[in-house]
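Structure record follows, encoded as C-alpha cells.
Counting starts at 1 for both ligands and their atoms, following the listed order. Start at 1 with the first residue, then count along the sequence.
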Amino acid sequence: MLHVPIKNYEYRRMKEVKIESTLYVFNNLNEVPEDVKKLMDEAIKARIKAYAPYSKFNVGAAILLDNDEIVSGSNQENASYPSGLCAERTAIYYAGAQYPESKMIRMAITASSQNNPTSTPIPPCGACRQAISEYEVKQDTPIEIYFMGETGKVVKSNSLANLMPFAFSKIVL
Ligand code: THU
C-alpha cells in the first residue's frame, strides 16, 4: 500500500481538538441520591422481566421524564438473534412513542448474568448510545446516565454526549 507522509506544513494547518469524558462513581446503590435509587429500583424490576433465553444476560433500563413518569424496558431477545433489542432502546423508544413532548431527565441501567454474579458496571452498547443521543440532541438538554451491574459500583455520566462524543449528529469543532 502506498504510504503518503503528511508534510510538516500540513500539520501546522490542523487544529488539535481534545475530548475529555468524566464519570462519577458511587460505591454502591445506597450512596446514590434517593430519586436516582428509585429510578434504579425500576430498572432492576425491568431487568428481572428481561427475555434473554439465548444470552442469559438480563438488562433493565428506566427513564425519568420531565412529567414525572417513569418508563422502563428490558432486553427482548429473538431466536433470530439480530431481531432482538437491548433494554435501553426498548425503554427509550417506548418513551419517545408514548410521550413525544416530554424531555428525558435521566436513565438508569442495570445488567446481570443468569450464570454468575455481575458486580461490574455495564455501560450501554454503542448502538444504544446512538439511540439515546438522538433524543438528547432532539430535546437539547442532557440526559443523565447511571449504570451498574447487579450489585456494586454505580457510575454516573452527566450526559450521553459524555459517553459518546462523536455520535452521528452535527458536531461543532
Ligand atoms: N444488551 C442490552 O440490553 N443493552 C446493552 O447495552 C448491551 C446488551 C442485551 C442484548 C442482549 O439481549 C444481551 O444483552 C447480550 O448482549
key: Results of salt bridge (Lys or Arg N to Asp or Glu O under 4.0 Å) for E16 - residues two or more places apart only   =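 Salt bridge (Lys or Arg N to Asp or Glu O under 4.0 Å) check on E16 returns K18.
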
query = Should the heavy atoms of other residues, nucleotides or ligands under 6.0 Å from CZ of F57 be counted, would the total exceed 12?
reply =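 Above 12, so yes.
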
query = Are the charged groups of E34 and K37 less than 4.0 angstrom apart, N to O?
reply =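 Judged by the 4.0 Å cut-off on N to carboxylate O distance, E34 and K37 do not form a salt bridge.
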
ask   = Among pairs that include at least one residue of residues 102-118, which meet salt bridge (Lys or Arg N to Asp or Glu O under 4.0 Å), considering only residues two or more places apart or in two chains?
value =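 Found D35-R106, R106-E144.
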
task = Share the residues that join Y81 in a hydrophobic cluster, the rule being Ile, Leu, Val, Met, Phe, Trp or Tyr side chains under 4.5 Å apart at the heavy-atom level.
result =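 Same cluster as Y81: Y51, Y54.
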
query = Would I122 end up clustered with V155 when hydrophobic side chains under 4.5 Å apart are linked, directly or stepwise?
reply = yes

message = Counting only heavy atoms and a distance below 4.0 Å, can you name the residues contacting ligand 1?
response =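 Lining ligand 1: S55, F57, V59, N75, E77, C86, A87, E88, P124, C125.
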
